[in-house]
Asker: 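Please read through the structure below; I'll follow up with questions.
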Amino acid sequence: MKKKVFTPAYKGDKKQLKRFVKKFNKLGERFVDGDRNTIKLFDFNGEKISIKAFKIPNLVNQIAYNYFRKSKAQRSFEFATRLLELGIGTPEPIAYFEKTTPYLFKKSYYISKYVDYDITYRELTTDFNIPNYENILRAFTRFTFKLHENGVHFLDHSPGNTLIQYNKGNYKFYLVDLNRMEFGTLDFETRIKNFSRLTIHKSMVEVMSDEYAKCSGEDYQTIFDLMWGETEAFQEKYHNKQRLKKKLKFWKKD
């Protein structure tokens, strides 16, 4: 069984999009080739589109996605549609495809327009000499505040998942990697904890705390103490996990 869903504007392009998915391994320009997923760019009607191929999940999730849960591709498509309805930037969704057997889920693909960007948030964590650096960081913080005000809890709010266009100083932000997201009213602690994966630099947390205080009317010191504390807690958890992985690899080799 194969499932194909398109946004209304692209229903007339089903055949060509289906061909891209069918010949994904042979066509397109490789853009991201990760351990888990692969992204390729394709020329389509005079513009670039992005196709993200999600790897085949483990056996438990093959059953879960086939019967009980929405696939990552479907969630990405639906969440992108919802974000745009809220006026929040993300590449325009085009379609998603799912490949299954009668009992198991196999592969899924998410297709969206390609957004040409200047930097990602990640560059802000490595290059403090970017022109108008603080203005961009403050604009990003206002963008995150807008997410929260609209009830968007982006669970993968991490350095590589926000694209930034300079746009002559009127900065635009686009969320990518959308499959983990929740919607609903966010309490204060959830809002501030949402910054915990973004940086290891205290100076950045100070600026984001200051801007979020201006947006929310909350006390700066309260925000900073919570944001920096959650940042340190996330880093400690991350490094503990990496150390455990190294030990497991060593034991396997031994």
Side-chain angles (χ1 to χ4, degrees), residues 1-117 147 152-158 160-163 173-183:
M1 183 178 70
K2 295 180 181 179
K3 184 177 180 181
K4 303 177 285 292
V5 176
F6 302 82
T7 53
Y10 292 92
K11 285 186 176 180
D13 300 298
K14 290 181 180 180
K15 188 174 181 181
Q16 188 174 359
L17 294 170
K18 184 179 178 181
R19 177 175 172 269
F20 288 159
V21 169
K22 188 176 181 180
K23 296 185 177 294
F24 182 82
N25 291 332
K26 295 181 179 179
L27 300 177
E29 171 191 348
R30 196 169 295 274
F31 186 60
V32 174
D33 194 4
D35 295 333
R36 294 182 298 171
N37 310 308
T38 300
I39 300 175
K40 281 189 169 185
L41 303 182
F42 293 78
D43 292 322
F44 174 72
N45 295 343
E47 61 183 1
K48 281 187 178 180
I49 63 170
S50 166
I51 302 182
K52 184 173 186 177
F54 295 93
K55 76 168 188 178
I56 297 174
N58 61 44
L59 183 59
V60 172
N61 281 333
Q62 286 183 51
I63 296 170
Y65 288 146
N66 211 43
Y67 295 104
F68 309 113
R69 296 179 61 197
K70 293 180 179 180
S71 71
K72 291 182 178 182
Q74 181 176 354
R75 280 180 275 150
S76 297
F77 179 87
E78 292 178 353
F79 292 161
T81 301
R82 188 160 182 180
L83 289 176
L84 292 178
E85 289 171 351
L86 293 170
I88 294 166
T90 192
E92 182 183 336
I94 294 174
Y96 72 90
F97 288 71
E98 296 176 352
K99 295 182 178 180
T100 65
T101 69
Y103 303 105
L104 297 174
F105 183 93
K106 292 302 179 183
K107 294 210 67 164
S108 63
Y109 302 81
Y110 172 55
I111 307 177
S112 63
K113 281 191 175 181
Y114 172 73
V115 170
D116 193 16
Y117 57 93
L147 294 182
V152 178
H153 187 196
F154 185 29
L155 299 175
D156 283 325
H157 204 28
S158 54
N161 290 342
T162 300
L163 314 180
F173 302 88
Y174 299 83
L175 298 183
V176 295
D177 201 1
L178 305 180
N179 64 86
R180 296 200 325 122
M181 197 169 286
E182 296 174 347
F183 295 87

Asker: Answer yes or no: does atom NZ of Lys18 have more than 12 heavy-atom neighbours from other residues, nucleotides or ligands under 6.0 Å?
Answerer: no
Asker: Looking at every non-hydrogen atom in both residues, tell me the closest pair between Val176 and Leu163 and how far apart they are.
Answerer: CG1-CD1, 3.8 Å
Asker: So do the side chains of Glu182 and Leu155 get within less than 4.5 Å of each other, counting heavy atoms only?
Answerer: yes
Asker: Would you check if there is a donor-acceptor pair between the side chains of Glu98 and Ser71 at a distance under 3.5 Å?
Answerer: yes
Asker: In chain order, what residues pass the side chain to side chain donor-acceptor pair (under 3.5 Å) check against Arg82, with sequence neighbours excluded?
Answerer: none
Asker: Looking at CZ of Arg30 and CG of Leu41, how far apart are the two atoms once the value is rounded to the nearest 0.5 Å?
Answerer: 11.0 Å
Asker: Distance from Ser76 atom OG to Leu178 atom CG, nearest 0.5 Å?
Answerer: 5.5 Å
Asker: For Tyr110, what residues pass the side chain to side chain donor-acceptor pair (under 3.5 Å) criterion, not counting sequence neighbours?
Answerer: none
Asker: Nearest 0.5 Å please: distance from the CG atom of Asn179 over to the CZ atom of Phe77.
Answerer: 15.0 Å
Asker: Just by distance, do the side chain of Gln62 and the backbone of Pro57 share a donor-acceptor pair under 3.5 Å?
Answerer: yes
Asker: Run the side chain to side chain contact (heavy atoms under 4.5 Å, CB included) check on Ile51 and Ile39 step by step: do they pass?
Answerer: CA-CA 6 Å; Ile51 302 182; Ile39 300 175; over 6 Å; no
Asker: With respect to Ser158, which candidate in Asn161, Thr162, Asp156 satisfies the side chain to side chain donor-acceptor pair (under 3.5 Å) definition?
Answerer: Asn161
Asker: Of all heavy-atom pairs between Pro102 and Asn66, which one has the smallest distance, and what is that distance?
Answerer: O-ND2, 3.7 Å
Asker: Could you tell me if the side chain of Gln16 sits less than 4.5 Å from the side chain of Phe44, heavy atoms only?
Answerer: yes
Asker: Keeping Asn58 on the side-chain end and Asn61 on the backbone end, is there a donor-acceptor pair under 3.5 Å?
Answerer: yes
Asker: In terms of side-chain geometry, is the basic nitrogen of Asp116 or Lys48 positioned less than 4.0 Å from the acidic oxygen of its partner?
Answerer: no
Asker: State, with a plain yes or no, whether a side-chain heavy atom of Phe105 is found less than 4.5 Å away from one of Tyr67.
Answerer: no
Asker: Look at the aromatic rings of Phe42 and Phe24 and report parallel, tilted or perpendicular, splitting at 30° and 60°.
Answerer: tilted
Asker: Any idea which heavy atoms bring Leu84 and Pro93 closest together, and the distance?
Answerer: CD1-CD, 3.5 Å
Asker: With a 4.5 Å limit on heavy-atom distance, are the side chains of Met181 and Arg75 in contact?
Answerer: no
Asker: Please report the closest heavy-atom contact between Phe97 and Ala73, naming both atoms and the distance.
Answerer: O-CB, 4.4 Å
Asker: With the threshold set at 4.0 Å, does a side-chain nitrogen-carboxylate oxygen contact exist between Glu29 and Lys40?
Answerer: no
Asker: Report the distance from atom CG of Leu175 to atom CG of Leu83, rounding to the nearest 0.5 Å.
Answerer: 6.0 Å
Asker: Hey, what do you get for CZ (Phe173) to OG1 (Thr90), rounding to the nearest 0.5 Å?
Answerer: 14.0 Å
Asker: Is any side-chain heavy atom of Leu17 closer than 4.5 Å to one of Phe6?
Answerer: yes
Asker: If I take atom NZ from residue Lys23 and atom CZ from residue Phe20, how far apart are they, to the nearest 0.5 angstrom?
Answerer: 12.0 Å
Asker: Are the side chains of Tyr10 and Lys113 in contact, using a 4.5 Å heavy-atom criterion?
Answerer: yes
Asker: Grab the two heavy atoms, one from Asn37 and one from Lys55, that are nearest each other, plus how far apart they are.
Answerer: OD1-N, 3.5 Å
Asker: Do you know the tightest heavy-atom contact between Phe154 and Asp177?
Answerer: CE1-O, 3.5 Å
Asker: With a sphere of 6.0 Å drawn around OH of Tyr103, does it hold more than 12 non-hydrogen atoms of other residues, nucleotides or ligands?
Answerer: no
